[in-house]
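Only a predicted model underlies this, so the values are computations on that prediction, with no experimental measurement involved. Below, all heavy atoms of this structure are taken into account, side chains as well, without hydrogens, waters or symmetry copies.
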Amino acid sequence: MTTQAGQDAEARGGTAQPTVRIVDGPRGLPLLGNLPAFGKDPLAFFERLRERGDFVRWRFGRGPALFIAHPDTVGELLTEVERTFDQPDLGIAFRTLLGNGVVVAKGADWRRKRSLVQPSVRPKQVRSYAATMTECAVALADRWSDGQPIDVKKEMAALTQLIAVRTIFGVDTAADAEAIGRAMDIAQQEIGAEFSGIGALLPDWVPTPGRARIKRATAVIDAEVSRVVSRHRDGDTERPDLLSRLLAARDETGARLSDQEIRDETVTLYIGGHETTSSTLVWAWHLLSRNPRVRDALGEELDRVLADHEPGYDDYASLPYTQAVVKETLRLYPTIWLITGIAKEGATLGGRPVPVGTRVWSSQWATQRDPRWYGDAEAFRPERWLTTEDGRPAEEIPEYAWFPFGGGPRVCLGTRFALVEAVLVLAVLARRYHLDLFTDEIRPVPSLTLQPDREVIATVHARG
């Protein structure tokens, strides 16, 4: 369905402000609203809403909800968070895992925590973590061999877990990575199940098997974090890891983060540094396996730029095609697949008032696959992110038509970390090998992050 905004944009050869006309979504059920359809397949549900228009009413349970699809209004939502839109409660499963970390905190508490966490992930600090990213990837490449079958999900998860454990916690043992990794897998599965199921409507005090599982998984994570924090505090040497920087951070009053705050922020950083990058790399291998042309172009850049050395932080800027492969992967398979906010007094979108209490939803999956903003939107085309010889973008893409890390004041703090990690890891491995996946029938499952629905088995092939 082409909206009026889309027709106007085509006529002018560019984008257009959305037509502020709210349409009704599919008819829901009493009490549940559209929750059953949303829970069955959230990604397809959001695509169906996008086909209806840029502003679509629906019901999440009994509460009023508004879906927005146009990049301009997505940008309004993201930039107005904290002023006229509030962070929603994402449920007890989400809070059990993340506590009140910087992703969840609001108002003055959020501003304080952001000021304490942000220095740990600035470009200067990411540079210091880049060597660890490369070292871990090289060690994995050394273990692979031509003709070897691998489970890509397990390989990428183990790799990014190790990078996260070393850069965040400053430890380097398989036990640490495995214990936290297993618990995190359980936790994110339960968050996805509760968020898109009937659990989203249940009061916090209602016990469910899923809530019991996430509590047990979180207890494992808490025990590991507590042990590592104690080790850091008892040490007499300065460490370069993220946890040490958080322990040393002080706010404007001179106060440090409490033990609970340290726990919440390290878990948040772990998810950003492990879960999102692991998923991105799996989807990148999936797409490269299905697109030999792109795979060859990637290999050509790696051979030309890296020649006789492994990639480091200083090579990042010299690998535009590798960066484009990662950006295009995040467009088609965004690890964070939805953004949501609650309208406060004075909230507007597209110049139209939004009633107080309305829950506004946007989906990276739906907007980033919209053919109004991307030529051949379903195709894997990294070239769209490159620039021409005269410095112009190869494809004019509106701001907020690509927002895998959110945007505005609450943009993901770990964006630079995640992009550098994905590019360096992919550069190390794709320089030596390509992977042939056994099946194309891999479906994305929206849980805490966007994950494949099955094992991703591939054969390793050494490049000539």
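Checked by atom type and distance alone, the side chain of Gln364 pairs as donor or acceptor with a backbone atom of Phe403 at under 3.5 Å. Judged purely by atom type and a 3.5 angstrom limit, Arg410 uses its side chain to pair as donor or acceptor with the backbone of Val102. Side chain of Glu265 to backbone of Leu116: no donor-acceptor contact under 3.5 angstrom is found. A distance-only check finds no donor-acceptor pair linking the side chain of Arg432 to the backbone of His461 [under 3.5 Å]. A side-chain donor-acceptor contact under 3.5 Å links Thr160 to the backbone of Met156. A donor-acceptor pair under 3.5 Å is absent between the side-chain atoms of Gln118 and the main chain of Ser115, judged by distance alone. Remark: side-chain polar atoms of Glu261 are paired, donor with acceptor, to backbone N or O of Ser258 under 3.5 angstrom. Between the side chain of Lys113 and the backbone N or O of Asn100, at least one donor-acceptor pair lies under 3.5 Å. No donor-acceptor pair under 3.5 Å is formed between the side chain of Asn34 and the backbone N or O of Ala37. Formation of a donor-acceptor pair under 3.5 Å by the Thr340 side chain with backbone atoms of Val360 is found in this model.
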Review point. Can you check salt bridge (Lys or Arg N to Asp or Glu O under 4.0 Å) on Glu80 and Arg83, steps first, answer last?
Key: CA-CA 5 Å; Glu80 288 297 307; Arg83 195 175 75 84; 2.6 Å; yes

Check your understanding: What's the verdict on side chain to side chain donor-acceptor pair (under 3.5 Å) for Ser447 and Gln451, showing C-alpha distance, side-chain angles and the deciding distance?
Key -> CA-CA 7 Å; Ser447 55; Gln451 296 288 333; 5.5 Å; no

Exercise for review: Please step through side chain to side chain contact (heavy atoms under 4.5 Å, CB included) for the pair Tyr321 and Leu298, ending with a clear verdict.
Suggested key: CA-CA 6 Å; Tyr321 197 83; Leu298 173 64; 4.3 Å; yes

Practice item. Let me see the working for Thr358 and Ile342 under side chain to side chain contact (heavy atoms under 4.5 Å, CB included), right down to the final yes or no. Key: CA-CA 6 Å; Thr358 300; Ile342 304 291; over 6 Å; no

Review point. So Leu419 and Leu330, side chain to side chain contact (heavy atoms under 4.5 Å, CB included) or not? Walk me through it.
Key: CA-CA 10 Å; Leu419 289 173; Leu330 284 165; 3.9 Å; yes

**Study point:** Test log, rule salt bridge (Lys or Arg N to Asp or Glu O under 4.0 Å), inputs Asp41 and Arg443
**Key:** CA-CA 11 Å; Asp41 190 339; Arg443 293 174 54 83; 3.5 Å; yes

Practice item. Could you go through the side chain to side chain contact (heavy atoms under 4.5 Å, CB included) check for Leu435 and Val460 one step at a time? Key: CA-CA 5 Å; Leu435 304 182; Val460 174; 3.7 Å; yes

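We find that Arg295 and Asp436 are joined by a salt bridge, their nearest charged nitrogen and carboxylate oxygen being less than 4.0 Å apart. In this structure, Glu47 does not pair ionically with Arg369, as no charged nitrogen and carboxylate oxygen lie closer than 4.0 Å. Salt bridge annotation for Arg263-Asp259: absent, with no cationic side-chain nitrogen under 4.0 angstrom from a carboxylate oxygen. The residues Arg166 and Glu135 are annotated as salt-bridged, a charged nitrogen and a carboxylate oxygen being separated by less than 4.0 angstrom.
Ring centroids of Trp365 and Phe46 are separated by 6.0 Å or more, keeping the two rings apart. The six-membered or imidazole ring of Tyr313 lies away from that of Tyr129, with a centre-to-centre distance of 6.0 Å or more.
Closest approach of Leu302 and Arg431 over heavy atoms only: CD1-N, 3.6 Å. Nearest heavy-atom pair, Val428 versus Ala141, reported as atom, atom and distance to 0.1 Å: CG1-CB, 4.3 Å. Across all non-hydrogen atoms, the minimal contact from Pro382 to Val294 is CG-CG1, 3.6 Å. Of all heavy-atom pairs between Pro36 and Leu29, the closest is CG-CD1, 3.8 Å. For the pair Tyr374 and Thr367, the tightest heavy-atom approach, listed with the atom from each and the gap, is CE1-O, 4.1 Å. Taking all atoms of both residues into account, the shortest heavy-atom contact from Val282 to Pro452 is CG1-CG, 3.6 Å.
Residues Trp385 and Glu328 have side chains that bring a donor and an acceptor to within less than 3.5 angstrom of each other. With 3.5 Å as the limit, one finds no donor-acceptor pair spanning the side chains of Trp373 and Gln368. A donor-acceptor pair shorter than 3.5 Å can be found between the side chains of Ser244 and Asp241.
With a 4.5 Å cut-off on side-chain heavy atoms, His286 and Tyr333 count as touching. Residues Trp283 and Pro444 have side chains in contact (heavy-atom distance under 4.5 Å, counting atoms from C-beta outward). A heavy-atom distance below 4.5 Å is found between the side chains of Ile442 and Leu437. Here the side chains of Phe438 and Val456 are not in contact, with every heavy-atom distance at 4.5 Å or above. Between Thr459 and Ile150, every side-chain heavy-atom pair lies at or beyond the 4.5 Å cut-off. Within the 4.5 Å cutoff, the side chain of Thr335 has no heavy atoms near those of the Pro404 side chain. Under the 4.5 Å side-chain criterion, counting only non-hydrogen atoms from C-beta, Pro42 is in contact with Trp337. Side-chain contact between Leu49 and Pro26 is present, with heavy atoms from C-beta onward closer than 4.5 Å.
If you take CZ on Arg331 and CZ on Phe380, they are separated by 9.5 Å, rounding to the nearest 0.5 Å. The CG atom of Leu426 lies 6.5 Å from the CG atom of Leu288; values are rounded to the nearest 0.5 Å. Atom OG1 of Thr167 sits about 12.0 Å away from atom CD of Gln125, to the nearest 0.5 Å. Rounding to the nearest 0.5 angstrom, the gap separating the CD atom in Glu421 from the CZ atom in Arg416 is 13.5 Å. Interatomic distance, CZ of Arg256 versus CZ of Arg250, reported as 3.5 Å (0.5 Å rounding). Note that CZ of Phe405 is 9.0 Å distant from CD1 of Ile336, once rounded to the nearest 0.5 Å.
Summarising the local packing, NZ of Lys106 is surrounded by more than 12 heavy atoms from other residues, nucleotides or ligands at distances under 6.0 Å. Taking a 6.0 Å sphere around CD of Glu252, one finds it holds 12 or fewer heavy atoms contributed by other residues, nucleotides or ligands. Heavy atoms from other residues, nucleotides or ligands lying under 6.0 Å from NZ of Lys215 number 12 at most.
For the pair Arg112 and Trp110, the cation does not sit on the ring face, since its NZ or CZ is not both under 6.0 Å from the ring centre and inside 45° of the axis.
Among Phe85, Phe67, Trp58, the one residue that satisfies the ring pair (Phe, Tyr, Trp, His ring centres under 6.0 Å) test with Trp361 is Trp58. Each of Leu140, Thr134, Thr132 was checked for a side chain to side chain contact (heavy atoms under 4.5 Å, CB included) with Cys136, and the lone residue meeting it is Thr132.
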